[in-house]
Amino acid sequence: MFKRLVIVASTLTLAAVAAGCGSGSGSGGTTLGFSQVGAESGWRTANTQSIQDSAKDAGINLKFADAQQKQENQIKAIRSYIQQHVDVIAFSPVVESGWDTVLKEAKDAKIPVILTDRAVDSKDPSYYATFLGSDFVEEGKKAAQWVIDTYKNSNETVNIAELQGTTGSAPAIDRKKGFSDLISADPKFKIVASQTGDFTRAKGKEVMQAFLASHQKIDLLFAHNDDMALGAIQAIEEAGLKPGKDIKIVSIDGVHDALQALVDGKENYVVECNPLLGPQLMDLVKKIKAGQPVDHRIVTTETTFTPEQAAAALPSRKY
């Protein structure tokens, strides 16, 4: 009888240890439900990889969903995470508007939400715990300041074409605002063409082809992200023009291919938007799960690149 009791006790102890080593909210670990915009650019791919790698390193159970750039897919994913009772929900919203209903559902379920990369225009800021990401307005201003400095000694009209990001998205709205706010102070800067390229290389090329066909003179292209700029470079070259010379190009993100285009003389200036948010996100998840206070807005630190700075950065560039 004594031997049987020892065996039973040992078995129960092993079972308890095994349960304690598991991951997920049901076993004492932390579960994060994350909804990504999609895979529309090199920036987004790097962002996804950073989040997945960082979750693994931090020992956080990650439930990941790709929304394929559709808001309805993100809302479905968030509702799924609520039903699964994850510890924290994070997402990078496809567009700014239309989130209050599902965010309120998460709040009612007492599941904190983190916004990453992009903001929402929610009427109630308590619907999310914090927003981690870039200052998109400032990025637009940095691009505009380079344009202003480049043409400061010229009195001639500067015809600008603009490749906008996804319509209704925070980076498209804010980068346009930051850029326009600065250049509008000088009447020589004229935006003669402006259209969305959906943040993709293929659409950037397609829209730039249309710009070139309908406008005789374009002096400068402002692209809301690098991938659209890289697509536009193809269109410019196919039109028999030299990107970076016949048409100056400034874009935002700082991906490897754009820095290479800077070095090759096909771009002129790149404003950085850092996609490697994973480590910061996992740190926030842990703090929120532990009940620690976090700032409601966390701005990432970023830089800008000239061709010379791009050449120095390329060897160690991670994305």
Side-chain angles (χ1 to χ4, degrees), residues 30-58 60-71 73-75 77-78 80-82 86-99 102-103 106-107 111-122 125-139 165-166 168-175 199 224-225 252-255 272-289 294-302 318-319:
T30 300
T31 299
L32 168 67
F34 186 89
S35 176
Q36 181 61 284
V37 171
E40 77 282 2
S41 63
W43 190 100
R44 188 65 56 190
T45 300
N47 179 242
T48 292
Q49 192 65 54
S50 175
I51 290 165
Q52 292 174 333
D53 290 347
S54 298
K56 185 177 180 181
D57 292 343
I60 290 173
N61 178 30
L62 177 67
K63 294 182 181 293
F64 185 91
D66 183 333
Q68 299 179 326
Q69 294 186 282
K70 294 180 180 179
Q71 184 179 30
N73 290 345
Q74 287 198 303
I75 291 173
I78 292 169
S80 172
Y81 297 146
I82 293 170
V86 301
D87 295 298
V88 180
I89 293 171
F91 74 112
S92 181
V94 175
V95 294
E96 280 193 344
S97 302
W99 300 103
V102 73
L103 288 178
K107 182 179 179 180
I111 300 175
V113 173
I114 299 174
L115 304 178
T116 69
D117 173 41
R118 300 179 178 185
V120 299
D121 62 359
S122 174
S126 73
Y127 283 164
Y128 59 93
T130 185
F131 166 36
L132 166 67
S134 305
D135 185 334
F136 298 134
V137 172
E138 183 62 25
E139 290 172 353
T166 302
S169 69
I173 294 168
D174 292 350
R175 287 169 182 169
F199 285 128
H224 287 194
N225 84 334
I252 299 173
D253 270 357
V255 301
E272 184 181 44
C273 181
N274 185 5
L276 306 181
L277 303 180
Q280 284 180 283
L281 174 59
M282 299 312 146
D283 183 55
L284 287 170
V285 169
K286 288 183 175 181
K287 286 181 177 178
I288 289 171
K289 174 72 185 302
V294 296
D295 291 337
H296 198 62
R297 178 69 171 102
I298 300 170
V299 180
T300 52
T301 302
E302 293 154 343
K318 294 181 179 179
Y319 56 95

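What you see is a predicted model, and the numbers here were worked out from it, not measured in a lab.
- Once rounded to the nearest 0.5 Å, the distance linking NZ of K289 with CG of L284 reads 15.0 Å.
- The distance from atom CG of L62 to atom OG1 of T31, rounded to the nearest 0.5 Å, is 9.5 Å.
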Exercise for the section: Starting from the C-alpha separation in whole Å, work towards a yes-or-no answer on side chain to side chain contact (heavy atoms under 4.5 Å, CB included) for W43 and D117. Expected result: CA-CA 11 Å; W43 190 100; D117 173 41; 3.5 Å; yes
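- Put simply, the side chain of T130 gets close to the backbone of D295: a donor and an acceptor are under 3.5 Å apart.
- Defined by atom type and a distance below 3.5 Å, a donor-acceptor pair is present between the side-chain atoms of K107 and S126.
- A side-chain contact (heavy atoms from CB on, under 4.5 Å) with K63 is found for one member of L32, I89, V86 and no other, namely V86.
- Side-chain contact between T45 and Y319 is absent, with no heavy-atom pair separated by less than 4.5 Å.
- Residues F136 and P171 are in side-chain contact: their nearest non-hydrogen atoms beyond the backbone lie under 4.5 Å apart.
- A side-chain N or O of S134 and one of E302 form a donor-acceptor pair less than 3.5 Å apart.
- N274 and T300 form no side-chain donor-acceptor contact under 3.5 Å, judged by distance and modelled atom types alone.
- Using a 4.5 Å heavy-atom threshold, the side chains of D283 and Q280 count as separate.
- Minimum interatomic distance between H296 and Y128 (heavy atoms only, all atoms of both residues): CE1-O, 3.0 Å.
- A distance of 8.5 Å separates CG of N73 from CG of D66, quoted to the nearest 0.5 Å.
- The shortest non-hydrogen separation linking H224 to G165 is ND1-N, 3.0 Å.
- Side-chain atoms of Y127 and L115, non-hydrogen and from C-beta on, never get closer than 4.5 Å to each other.
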Practice task
Might you work through the side chain to side chain contact (heavy atoms under 4.5 Å, CB included) test for V120 and E96, ending with a clear yes or no?
Solution key: CA-CA 4 Å; V120 299; E96 280 193 344; 5.6 Å; no
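- Considering all non-hydrogen atoms of both residues, P93 and A119 come closest at CG-O, 3.5 Å.
- No side-chain heavy atom of M282 sits less than 4.5 Å from a side-chain heavy atom of S50.
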Practice task
With side-chain hydrogen bond (donor to acceptor under 3.5 Å, both in side chains) as the test, would you mind laying out the steps for D121 and S97 before giving the verdict?
Solution key: CA-CA 6 Å; D121 62 359; S97 302; 2.7 Å; yes
Practice task
Evaluate the criterion side chain to side chain contact (heavy atoms under 4.5 Å, CB included) for residue pair Q69 and T166; output intermediate values, then yes/no.
Solution key: CA-CA 9 Å; Q69 294 186 282; T166 302; 3.8 Å; yes
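- Rounding to the nearest 0.5 angstrom, the gap separating the CD1 atom in I114 from the CG atom in L132 is 8.0 Å.
- The minimum heavy-atom distance linking C273 with I252 is given by the pair CB-CG2, 4.2 Å.
- Of all heavy-atom pairs spanning I75 and W99, the tightest one is CG1-CZ3, 3.8 Å.
- Residues F131 and I298 fail the side-chain proximity criterion, which asks for heavy atoms closer than 4.5 Å.
- Put simply, the side chain of S54 never gets that close to the backbone of I51: no donor and acceptor are under 3.5 Å apart.
- Taking CD1 from I288 and OG1 from T30, the interatomic distance works out to 11.0 Å, rounded to the nearest 0.5 Å.
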Problem - Verdict with supporting geometry, I60 and K286, side chain to side chain contact (heavy atoms under 4.5 Å, CB included) - result: CA-CA 9 Å; I60 290 173; K286 288 183 175 181; 4.2 Å; yes
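- Contact annotation: the side chain of Q74 never approaches that of V102 to less than 4.5 Å [non-hydrogen atoms, C-beta and beyond].
- Side-chain atoms of S92 come within 3.5 Å of backbone N or O of T116 as a donor-acceptor pair.
- Classified by interplanar angle (parallel below 30°, tilted 30° to 60°, perpendicular above 60°), the ring pair F34/F64 is parallel.
- Within the 3.5 Å criterion, the main-chain N or O of D174 finds no donor-acceptor partner in the side chain of E139.
- Between the R297 side chain and the G133 main chain, a donor and an acceptor come within less than 3.5 Å of each other.
- For E40 and N225, the side-chain atoms include no donor-acceptor pair closer than 3.5 Å.
- Evaluated for a side chain to side chain donor-acceptor pair (under 3.5 Å) with Q36, the options Q68, Q52, R44 yield exactly one hit, R44.
- Between Y81 and I111 the shortest side-chain heavy-atom distance does not fall below 4.5 Å.
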